[in-house]
Amino acid sequence: MRARAILSSLLTVAALSACSGEKGGQAGGGAKGGGPSAETGIGKPNPPFQGEVPTGAQKIEEFEVGKYGGTLVIATPGDPKSFNPVLANETSTTEITNGPVFETCWDFNNGTQEDEPGLCEKYDRSEDGLTYTFTLREGLLWSDGKPLTTDDFEFTYQVVTDANVASSQKDLFRQGKDEAGKDRFPTFEKVDGRTFRLKLIQKDVLFHFSVGSLTVVPKHVWEEDFKAGKFNSTMQLQTPPEKIVSSGPFRIKTYAAAERVVIERNPYYWKVDKAGNRLPYLDRVIFVSVPDFNVAFLKFREGETDVLEVRPEHYDLLKREEQKGGYSIVDMGPSFNTNYLMFNLDDRKDKDGKPYVAPHKLAWFKSKNFRKAVSHALDREGIVRTVLHGRGSPLWAYVSQANKKWYPTKVEQYAYDLVKAGELLKADGFVKKDDGLYDAQGNKVEFSVMTNSENSTRIALINVLKDDLAKLGVSVNVRPVPFNDVVTALNDARNFEGLVLGWATGVPPDPALSKNALLSSGRNHGWYPAQEKPVTPWEARIDEIMKLQGEAFDHAERKKLIDELYYIFSDEQPQIQLVVANAYAAGRNYLGNFKPSPIRPVLYWNLESLYLKHPKKG
Amino acid sequence: MWTFLLRRLIAVPPLLLAVSFLTHCLLYAAPGDYFTRLAEDPSVTAEYMAQLRAQHGLDGGLLWRYWKWLLNALTFDFGHSFRFDTPVFSLIGERLGNTLLLTGTSMIAAWGLSLPLGVIAGVYKGTIVDRVAGFVSFLGLSIPKVFFALLMVMFAAVTGWFPTGGMRDQIYWDDFTGWEKFVDVCHHLVLPVFVIATTEMASHMRQMRAEMVETLGKDFVRTARSKGLAGWQIVVKHAFGNAVNPLVTLFGYSLAALLTGSFLVEVVFSWPGMARLTVDAVFAQDEPLVMASVVMATCMLVVGNMVADVMLASIDPRIRLE
């Protein structure tokens with residue numbers, strides 16, 4: 001269930017159990033409707049399902065049939081900030097609201113990394129790519145039993161595109177500005193209770209994903225507040241839980257500040273398993289609020305929680321206690337989080353007329369040979385061994401190997417080769433002397449590399465980097481600073497020389513969503529952002545590719561373009577990709593259908609299909 | 001006495017102004033703001049960031065922003081938290097009770113133990129009782145609270161006798177009866193209260209003992225003894241009242257510390273109180289929330305001092321509040 005909150009792509013910052021009762025019978029008994037039951041054990045759904053199975057219910061074929069009942073406990077670092085899915089802009093909120101509580105009309109499957117139907121059973125795109133027609137499933141109901149129709153989508157669209165509502169979803173729909181400088185949006189047209197149409201102004205290859213991130217909210221509950229201009233203060237943590245009417249597998253039950261959020265089964269949910277039993281299986285899910293990942297780890301180790309994202313520093317200990325703790329660690333392969341070293345190629349000046357980077361250093365950084373030499377001088381295998389304890393792999397492309405769909409077929413690789421690095425530097429006139437490397441003008445090659453101090457992996461990384469580059473005679477000053485200082489240096493002050501940062505992925509992990517980083521005019525084009533026109537021919541080509549791929553509806557054609565883009569990137573090395581760590585998750589052995597994915601929310605993207613094989617002890 | 005109180009109250013607004021302005025300056029000077037962290041998301045546009053900043057009043061200069069804050073604060077509107085989009089005092093209200101429960105219990109425990117123990121140690125100066133009390137208080141004084149708290153968390157984790165954090169059971173709470181809930185909260189209180197109370201108690205006990213030893217050596221005590229009064233009568237009726245004076249002042253300060261004194265322990269024990277709210281607010285640069293917490297802590301300090309002065313005046317007839 002598919003955090004399609006595209007927002008969750010926050011660049012990784014600081015890195016960034018309850019049932020008694022006997023063993024239950026097979027599921028299915030309490031499936032259709034289900035009678036009231038006082039049992040909290042495994043076997044009968046409590047709270048029970050209400051009403052009939054929706055005619056258009058979505059059948060989940062990919063998971064085994066489970067059992068009803070039980071509570072899943074998950075520790076989350078950080079408290080949710082509200083329950084409003086339209087306004088939410090950080091993961092501790094979206095990972096509860098977007099998916100478990102609110103669903104969208106078009107979904108993303110973390111397992112297959114492909115999009116799939118959600119509240120809508122299908123959509124059609126017109127020949128010219130400018131009209132999208134979405135059809136809702138039949139018989140959809142909100143968690144209060146009221147019908148969910150196109151009216152709700154119309155309302156949500158109105159809210160999201162409203163000038164006074166600050167929603168990040170708005171950015172997905174904005175298509176330029178009109179003469180008066182006002183934002184232009186596709187027009188929404190209600191066809192009937194189950195069909196709506198969106199007419200675009202310009203082609204957008206990811207438009208179905210944009211509609212797919214529209215977390216629909218109930219018109220019958222919030223229309224009044226919206227009309228009174230008070231939508232920004234709806235669905236807050238203090239709002240009575242029964243008012244937060246949901247469309248997802250769960251609804252909010254209780255909230256205690258800095259302690260926990262309890263969600264319970266939405267009795268009207270619209271998905272069924274492959275045997276036709278209604279979902280979700282779990283009665284309740286408790287999100288326990290913890291101050292940080294270390295406490296989350298402790299709670300899992302003590303058996304208080306059922307699932308955990310395993311951080312590298314905790315891996316060994318957890319692995320040793322796997323049997324004793326009754327859990328298994330799942331190796332999810334490479335994660336989506338990349339790490340790169342980037343030089344400042346910005347030749348502009350600050351307000352006081354001082355260049356961002358000293359001109360002689362800028363000359364080194366701008367040289368492709370210099371960047372390639374640095375890339376060759378980095379022993380990525382060694383970094384994996386020392387910094388990642390062997391659990392990771394070298395990274396060559398802009399995206400991680402985890403990206404099944406978009407990892408490029410061809411990239412330039414930079415084997416650890418000091419001789420080659422030396423030759424590349426020599427070609428640029430650099431001279432190695434006894435006390436270090438000098439450029440042709442006689443300047444000693446020396447620069448600083450900054451990274452955010454909250455991330456211990458990155459600190460270790462830049463220290464290894466310093467040693468590696470010392471072998472070339474390059475001296476690096478390591479500068480770990482708080483994350484906000486890194487961001488300020490990157491976006492405003494622009495006074496950094498080298499920087500080690502990384503990307504996390506958005507959902508879907510699609511290159512089109514990286515346009516802020518890839519386009520030369522983009523704000524996140526870190527080495528030289530917001531260029532008025534492309535400074536180099538290769539950046540011009542990347543701009544062109546980004547434009548072409550945005551209009552290519554054929555996947556093969558898009559893939560070819562993106563492959564070319566990523567190749568250029570690996571050849572030019574504006575960001576020297578370093579390593580990618582493997583991702584691990586741990587889950588108790590009594591948990592069924594536990595299929596963590598490196599895309600957020602890692603542990604419970606298929607929350608409606610998770611189930612307990614037998615009651616927990618305790 | 002009323003003139004005294006009035007004078008004290010008049011001094012409060014300038015103090016609050018100074019404290020709030022300083023806090024505001026510090027927040028302003030810190031790099032970035034609450035929305036900075038959004039900037040690194042490749043899908044967030046400049047328009048969205050600008051709209052958020054404008055909506056939350058982050059688009060003016062230092063003085064202008066302080067002035068706007070001040071105008072609202074004068075009408076008791078301390079604004080909405082950036083993170084929670086909720087009025088700050090409703091957030092603080094949620095947490096305040098939890099903090100007061102922890103600090104209040106600790107205070108009762110600390111004072112309830114330190115006064116009698118201090119008196120006993122003073123009376124039986126040099127005996128084994130005094131030595132043990134002295135040892136305990138030195139221990140309490142010399143272990144840093146944070147370290148002590150961490151030790152206790154470890155103790156809880158290793159033995160499993162106590163919860164490692166939180167205020168109540170996270171999982172079964174909703175199914176508990178009233179009595180079970182009470183027991184559960186008490187169970188969670190034991191360790192954090194132990195940590196705060198031991199460290200607090202140590203200094204109070206030393207103080208009480210010293211005062212008691214001094215008072216017992218005074219002339220009026222000798223007079224009382226020579227009048228033939230029983231030993232305990234002298235201690236309770238005559239010496240205690242005289243010896244406790246400086247501790248009343250300390251008590252005033254500990255009232256002020258009700259709000260902030262348990263910060264470190266709250267963080268270590270994941271107590272859902274003011275500390276985590278405020279600390280998180282500082283890290284996230286949630287300005288309205290930081291400002292409101294600071295103003296509140298300042299008020300507490302002022303009130304605590306005033307209470308101490310009034311109490312002192314009512315206990316000691318030599319002191320007049322003019």
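The shown structure was predicted, so the numbers you read here are calculated from the model rather than taken from an experiment. Below, read A as the first sequence line, B as the second, and so on, with proteins coming before strands; counting in each chain starts at 1.
With a threshold of 4.5 angstrom between heavy atoms, A:Pro482 does not approach chain B through any atom at all. Using a 4.5 Å cut-off between heavy atoms, B:Arg83 touches chain A through backbone and side chain atoms alike. In this structure, no portion of A:Val486 lies under 4.5 Å from any heavy atom of chain B. At a 4.5 Å heavy-atom cutoff, the contact between B:Thr164 and chain A is made by side-chain atoms alone. For A:Leu87, the part sitting under 4.5 Å from any heavy atom of chain B is the backbone (N, CA, C, O) and nothing else. Heavy-atom distances place the side chain of A:Thr254, and not its backbone, under 4.5 Å from chain B. A:Val165 touches chain B through its backbone: at least one of N, CA, C or O sits under 4.5 Å from a heavy atom, while the side chain does not. Residue contact with chain A, scored on non-hydrogen atoms closer than 4.5 Å, involves the backbone of B:Asp33 exclusively. Contacts between A:Arg301 and chain B at a heavy-atom distance below 4.5 Å are absent for every atom of the residue. For a residue to count as touching a neighbouring chain, one of its non-hydrogen atoms must lie under 4.5 Å from one of that chain's; by this rule A:Ala256 touches chain B with the side chain only.
Of the listed residues (A:Leu298, A:Asp183, A:Asn164, A:Asp492), the one with the most heavy-atom contacts under 4.5 Å to chain B is A:Asn164. Of the listed residues (B:Thr86, B:Asn98, B:Leu52), the greatest number of heavy-atom pairs within a distance under 4.5 Å of chain A belongs to B:Thr86. Of the residues considered (A:Gly522, A:Ser167, A:Ser82), A:Ser167 shows the highest number of contacts with chain B, using heavy-atom pairs under 4.5 Å. Contact count versus chain A (heavy atoms, under 4.5 Å) is highest, among B:Gln51, B:Met167, B:Gln285, B:His80, for B:Gln51. Contact count against chain B (heavy-atom pairs under 4.5 Å) is highest for A:Ser289 among A:Ser289, A:Ala493, A:Gly526.
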Under 3.5 Å, which donor-acceptor pairs do the side chains of residues 70-78 of chain B form with other protein atoms, sequence neighbours left out?
{"from": "B:Asn72", "atom 1": "ND2", "to": "B:Lys68", "atom 2": "O", "distance (Å)": "3.3"}
{"from": "B:Thr75", "atom 1": "OG1", "to": "B:Asn72", "atom 2": "O", "distance (Å)": "2.7"}
{"from": "B:Asp77", "atom 1": "OD1", "to": "B:Gly79", "atom 2": "N", "distance (Å)": "2.9"}

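Here the straight-line distance linking atom NZ of A:Lys81 with atom CG of B:Asp286 works out to 9.5 Å at 0.5 Å rounding. Atoms OG and NZ, on B:Ser270 and A:Lys299 in that order, are 6.0 Å from each other to the nearest 0.5 Å.
Looking at B:Arg276 and A:Asp79, their side chains never come closer than 4.5 Å, going by heavy atoms from C-beta outward. A:Glu259 has its side chain out of reach of B:Trp173: every pair of non-hydrogen atoms, C-beta onward, lies at least 4.5 Å apart.
In terms of modelled atom types and a separation under 3.5 Å, the side chain of B:Glu94 and the main chain of A:Gln238 share no donor-acceptor contact.
In this structure, A:Arg284 and B:Asp175 approach most closely via the heavy-atom pair NH2-OD2, 3.6 Å. Shown here for B:Pro272 and A:Ala257, the closest heavy-atom pair between the two residues is CB-O, 3.6 Å.
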